[in-house]
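Have a look at the structure below, then the notes.
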Amino acid sequence: MPRTFDPAAVEARILRMWEEGGYFGAAAAEVEAGGDPYVIVIPPPNVTSVLHMGHGLNNTIQDVLIRWRRMRGRVTLWVPGTDHAGIATQNVVERRLAAEGRTRHDLGREAFVERVWEHVRVTGDRILGQLKAIGCSCDWTRARFTLDEGLSQAVREIFVRLYEDDLIYRGEYIINWCPRCLTALSNEEAEGAEAGGSLWHIRYPLAPGHGEAAAAARAAGAGAVNRLADGRWHLTVSTTRPETMLGDTGVAVNPADPRYGSLVGAAAELPLTGRTIPIVADRHVSAEFGTGMVKVTPAHDPNDFEIAARTGLEVLDVMTERAAMNENAPAAFRGLDRIDARRAVVEALAGEGLLAGRDDHDHAVPRCYRCDTVVEPRLSEQWFVRMKPLAEPALAASRDGAVTFAPGRWTRVYEQWMENIRDWCISRQLWWGHRIPVWYCGDCGAEMACRRDPTVCGACGSAAIEQDPDVLDTWFSSWLWPFSVFGWPEDNRDLRAFYPGHTLSTAPEILFFWVARMIMAGYHAMGDAPFARVYLHGTVRDIQGRKMSKSLGNGVDPLEVVERFGADALRFTVLAGAGVGADIRLDHEDLESAFAPGRNFVNKLWNAGRFALMSLGDEPIRPLAEVLEDLELEDRWILSRQQHAIRRVDEELEAFRMQGVAEVMRDFFRGEFADWYLESVKHRLRPGGAGREAARSVLVHVLDGICRLLHPMVPFVTEELWGLLPAAGGRKGPLIVARWPAADPALDDPRAEEAFGWLQDLVARVRAIRKEYRVGEGRQVSLRVTGGGRSRVLEGRGEMLGRLARIGSVEVGAPVAGATGASAVLRDGTGLFVPLEGVIDLDRERARAVREVGRLSGVLKGIEAKLANPDFTTRAPGAVVEREREKRESCKLQLTKWNEKLTSLGGLDR
RNA sequence: GGGCGCUUAGCUCAGUUGGUUCAGAGCGCCUGCCUUACAAGCAGGAGGUCGGCGGUUCGAAUCCGUCAGCGCCCA
């Protein structure tokens with residue numbers, strides 16, 4: 001066995017063993033036979049490129065949950081797969097084409113799609129390979145891709161069903177349009193980013209003949225209505241986007257605004273265009289904002305579009321799909337990009353004296369979530385899903401607890417989104433994705449949503465039919481994932497056995513995109529939520545707190561980490577850093593120290609195993625039950641501590657507290673087992689050592705349990721070690737399917753814990769004394785123990801004390817008068833004295849005593865003040881008061897000892 | 001504009017219903033040790049007025065209010 005754990009040497013072999021053994025898979029028959037299923041469907045990674053640390057974290061979390069349940073005997077199924085990621089993947093491939101100087105149009109639709117397939121076959125395999133490398137125990141035979149044949153059928157089925165139920169419709173509305181990707185986006189795909197901008201104030205001259213109305217408005221307090229230099233009346237509107245004024249078709253005021261009542265029905269001359277536009281009243285307009293008068297651009301603003309719908313204003317589209325001004329704009333602006341047009345419009349207005357001013361104005365500018373281009377609200381014909389009916393059961397699920405979120409604060413976020421749900425724009429003007437299953441008849445104009453490709457029009461029989469050219473939003477396939485992976489809409493055994501699933505672990509960024517919609521689809525298609533618990537983990541960030549991203553170059557490649565430090569090191573590090581839902585920071589420039597916590601821990605475990613294997617010998621190990629009568633204090637102590645650890649790990653895992661599991665196991669395995677238990681039994685494990693049999697049994701039993709408890713977090717090193725450990729009483733199969741430990745109350749031993757705790761305290765004091773007086777490591781000391789009722793614990797522990805603190809001999813009794821040495825006092829008042837002739841500095845020793853007396857006096861004073869307070873003794877719980885009393889006694893005892901010591905050293909003033 | 005989260009040791013973070021001897025871990029740092037499991041280790045140690053202020057309480061890192069800084073979500 002190598003001195004350090006060599007992940008590269010064992011991971012591949014163990015992975016093969018797991019896969020060949022079929023431990024990752026689950027069959028419907030197991031559930032049908034009465035098995036209790038536990039199912040997770042993976043959030044399918046995008047096939048755009050490779051996995052990053054965020055995936056590393058999320059998939060490690062899922063694997064921990066899966067392995068834990070598997071060891072508890074559940075029929076465990078983790079379904080893996082990948083997402084075609086429509087717009088994102090198309091963008092990646094288009095960028096590659098661009099590098100060759102070509103566009104997708106050069107290739108044509110069919111060749112382009114084939115080109116994307118080539119890309120995703122490579123990245124898809126690589127992604128699954130990465131998941132395997134970090135140890136994910138998915139059922140790889142079930143791997144799915146959202147564009148697979150079966151999943152495509154599911155997409156079609158749900159589309160047609162929703163269409164037939166009138167929950168899908170097509171219509172002309174203002175949608176979010178990316179002028180670079182040239183496609184519609186959903187509201188969720190348009191991400192608002194705060195940006196500094198300007199608010200321009202523009203004067204629109206009133207059309208002739210409305211002077212009286214203007215004067216009336218002016219009289220009613222309308223400061224925004226005034227006369228221009230040439231005497232004409234004008235009104236003032238404000239906008240952050242002056243270029244859209246070229247598409248204005250009206251001006252609106254609130255009908256209840258007393259200032260503008262006289263102007264409703266009047267008209268304004270739209271500058272630069274020669275058009276005259278009406279002034280209308282609409283309840284949407286806020287009288288408080290700006291001048292209380294707004295320009296209305298129905299084709300380029302969703303609110304204005306609605307105003308137009310209510311008031312009958314004309315809709316005039318003045319932009320091209322690339323957000324340049326089109327032929328509906330005045331000749332001077334035609335062809336200008338929206339940014340250039342803005343500048344030109346502002347200049348032109350200023351030139352005509354119609355620019356009233358400009359203020360700085362910060363506002364949210366929505367950007368394309370895939371290419372960051374500023375999104376343009378655009379009027380276009382798209383497909384939508386009517387969401388309100390779908391949201392109802394999904395909202396109820398959260399309210400009645402059928403679906404819960406961790407951390408719980410996401411519940412409100414989810415519910416608020418559901419309560420304010422808006423229709424979902426699902427058509428995309430892309431080539432990569434599920435084609436919309438709708439055909440239009442060129443002869444009779446019929447529109448048909450079809451489960452199978454039609455050859456003729458269902459209405460008139462004409463063969464002149466054409467499929468809708470658009471594809472569906474990528475999330476329109478993802479939302480079906482929890483049941484489409486099992487073959488829905490076919491009603492089969494898998495679906496019945498494994499739906500609904502149990503836990504979903506994912507990033508909060510896709511709560512609306514995906515989680516919420518999966519719940520809606522689950523209820524609509526299956527009548528049940530796809531999972532009961534949603535864990536929303538944190539974000540992996542760099543050391544400066546920035547999200548890891550390719551463009552910043554601050555990403556960490558999970559494969560590089562696996563190669564350098566091992567999968568277990570990666571897993572333990574991210575888990576130990578993962579508070580519930582909290583972000584994780586990793587230093588991408590110093591992977592060595594970033595992953596040291598995991599690597600060091602794994603290595604420590606490996607070496608504890610090495611030690612065990614080297615000291616156990618070949619003789620059979622007796623089961624713990626057979627040596628219970630022979631257990632020593634340290635045996636009973638570590639067994640009792642193990643029961644605590646088992647209970648804690650279960651609690652932590654149940655609550656998704658991965659960091660808590662890591663902490664419990666660090667404390668138990670490292671802080672107690674390795675640092676104390678192993679050191680305490682080394683002498684017993686020597687050939688012929690007294691109590692060897694019991695020590696071997698306990699050692700194997702506890703280490704075996706440690707491997708089991710740690711297996712979900714660090715599966716490779718535990719599997720390897722466990723396989724090498726001799727088994728007490730035989731065992732079947734590998735660790736991955738070994739039984740999860742259950743706490744055994746018969747092994748709880750509070751008295752052993754107390755006694756061993758006293759011993760630990762004693763050892764720590766002696767070690768501290770040795771350090772204080774720089775007693776060399778090689779030198780043994782003797783120890784004199786005075787008072788306290790515990791000194792019997794020391795009997796027969798000479799070798800153990802020798803190893804733990806180089807204590808050569810122990811005597812029990814009163815201090816020897818006149819001896820030179822260092823003292824200490826344990827909490828129970830036990831006095832310790834370490835004779836150190838020659839090295840003792842009396843002044844230093846006196847200072848130690850004074851320091852201790854001071855500290856203890858302070859503590860005692862606090863306790864006594866507390867106990868003297870009747871409010872405390874009457875209001876605090878009895879147990880708390882009792883504890884204070886015990887503390888008081890302990891302090892008094894210790895003080896007495898230290899004062900005696902001081903006296904023997906000649907008192908304070910020497 | 002509305003909402004949420006965070007602020008504890010040099011760094012990254014725990015601290016589970018308010019209550020052990022005036023706050024813990026990992027990494028880093030200091031000192032001493034290659035003690036035949038482990039130097040990726042062991043032992044000892046330094047380092048924090050728990051963001052500021054105010055309040056509730058016998059008692060506050062923990063509950064409430066407020067201010068400041070940082071981050072996120074929605075409009």
Considering only atom [atom1], compute the distance from [N] to [M] and round it to an integer number of Å.
{"N": "C33(B)", "M": "C53(B)", "atom1": "P", "result": "45 Å"}
{"N": "U20(B)", "M": "G15(B)", "atom1": "C1'", "result": "15 Å"}
{"N": "C29(B)", "M": "A75(B)", "atom1": "P", "result": "48 Å"}
{"N": "U17(B)", "M": "C13(B)", "atom1": "C1'", "result": "22 Å"}
{"N": "G10(B)", "M": "C50(B)", "atom1": "P", "result": "13 Å"}

What contact category does [X] fall into here, base, sugar-phosphate, or nothing, at under 4.0 angstrom with non-hydrogen atoms?
{"X": "D583(A)", "value": "sugar-phosphate"}
{"X": "Q894(A)", "value": "base"}
{"X": "A674(A)", "value": "base"}

Requested in this report: Sequence neighbours left out, what passes salt bridge (Lys or Arg N to Asp or Glu O under 4.0 Å) with E415(A)? Give chain and number order.
Outcome: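 Checked E415(A) against salt bridge (Lys or Arg N to Asp or Glu O under 4.0 Å); matches are R412(A).
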Query raised in the report: Looking at residues at least two apart in the chain, or sitting in another chain, which of them share a ring pair (Phe, Tyr, Trp, His ring centres under 6.0 Å) with W424(A)?
Result: F476(A), W479(A)
Report task. Ignoring backbone atoms, establish whether K682(A) has a side-chain N or O less than 4.0 Å from OP1 or OP2 of U36(B). Result ->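 Negative; the distance criterion is not met.
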Report task. Quickly work out the Y414(A) OH to G3(B) C1' distance and round it to whole Å. Result -> 19 Å
Query raised in the report: Between W606(A) and F5(A), is the ring centre distance below 6.0 Å?
Result: yes
[X]: side chain to side chain contact (heavy atoms under 4.5 Å, CB included) partners, not counting sequence neighbours:
{"X": "R767(A)", "value": "W676(A), V763(A), L804(A), A805(A)"}
{"X": "E560(A)", "value": "D557(A), R564(A), L591(A)"}
{"X": "T539(A)", "value": "E509(A), R541(A), K547(A), D583(A)"}
{"X": "E191(A)", "value": "Y369(A)"}

Between protein and nucleotides 24-32 of chain B, what N or O pairs are separated by less than 3.5 Å?
{"unit_1": "A25(B)", "atom_1": "O2'", "unit_2": "R666(A)", "atom_2": "NE", "d": "3.3"}
{"unit_1": "A25(B)", "atom_1": "O2'", "unit_2": "R666(A)", "atom_2": "NH2", "d": "3.3"}
{"unit_1": "C27(B)", "atom_1": "OP1", "unit_2": "N600(A)", "atom_2": "ND2", "d": "3.3"}
{"unit_1": "G32(B)", "atom_1": "N3", "unit_2": "K771(A)", "atom_2": "NZ", "d": "3.3"}

Distances under 3.5 Å between protein N/O atoms and the N/O atoms of nucleotides 72-75 of chain B, please, pair by pair.
{"unit_1": "A75(B)", "atom_1": "OP1", "unit_2": "R422(A)", "atom_2": "NH2", "d": "2.5"}
{"unit_1": "A75(B)", "atom_1": "N6", "unit_2": "E194(A)", "atom_2": "OE2", "d": "3.3"}

Report task. Would you state whether a donor and an acceptor, one from the side chain of E652(A) and one from the base of A14(B), lie under 3.5 Å apart? Result -> no
Report task. Could you provide the dot-bracket string of RNA chain B, using ( ) for intrastrand pairs, [ ] for crossing pairs and | for bases paired to another strand, with Watson-Crick or G-U pairs below 3.5 Å? Result -> (((((((..((((.....[....)))).(((((.......))))).....(((((..]....)))))))))))).
**Report entry** Within-4.5 Å side-chain heavy-atom neighbours: V825(A) and L832(A)
**Finding:** no
Side-chain donor-acceptor pairs of residues 848-855 of chain A under 3.5 Å, sequence neighbours excluded:
{"unit_1": "R848(A)", "atom_1": "NH1", "unit_2": "S823(A)", "atom_2": "O", "d": "3.2"}
{"unit_1": "R848(A)", "atom_1": "NH1", "unit_2": "E845(A)", "atom_2": "OE1", "d": "3.0"}
{"unit_1": "R848(A)", "atom_1": "NH1", "unit_2": "E845(A)", "atom_2": "OE2", "d": "3.2"}
{"unit_1": "R848(A)", "atom_1": "NH2", "unit_2": "S823(A)", "atom_2": "O", "d": "3.0"}
{"unit_1": "E852(A)", "atom_1": "OE1", "unit_2": "R855(A)", "atom_2": "NH2", "d": "3.1"}
{"unit_1": "E852(A)", "atom_1": "OE2", "unit_2": "R855(A)", "atom_2": "NE", "d": "3.4"}

Could you tabulate the donor-acceptor pairs under 3.5 Å formed by side-chain atoms of residues 661-673 of chain A, not counting sequence neighbours?
{"unit_1": "E672(A)", "atom_1": "OE1", "unit_2": "R641(A)", "atom_2": "NE", "d": "3.3"}
{"unit_1": "E672(A)", "atom_1": "OE2", "unit_2": "R641(A)", "atom_2": "NE", "d": "3.0"}

**Report entry** Listed partners of Y535(A) passing side-chain hydrogen bond (donor to acceptor under 3.5 Å, both in side chains), at least two apart
**Finding:**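 side-chain hydrogen bond (donor to acceptor under 3.5 Å, both in side chains) list for Y535(A), sorted by chain: empty.
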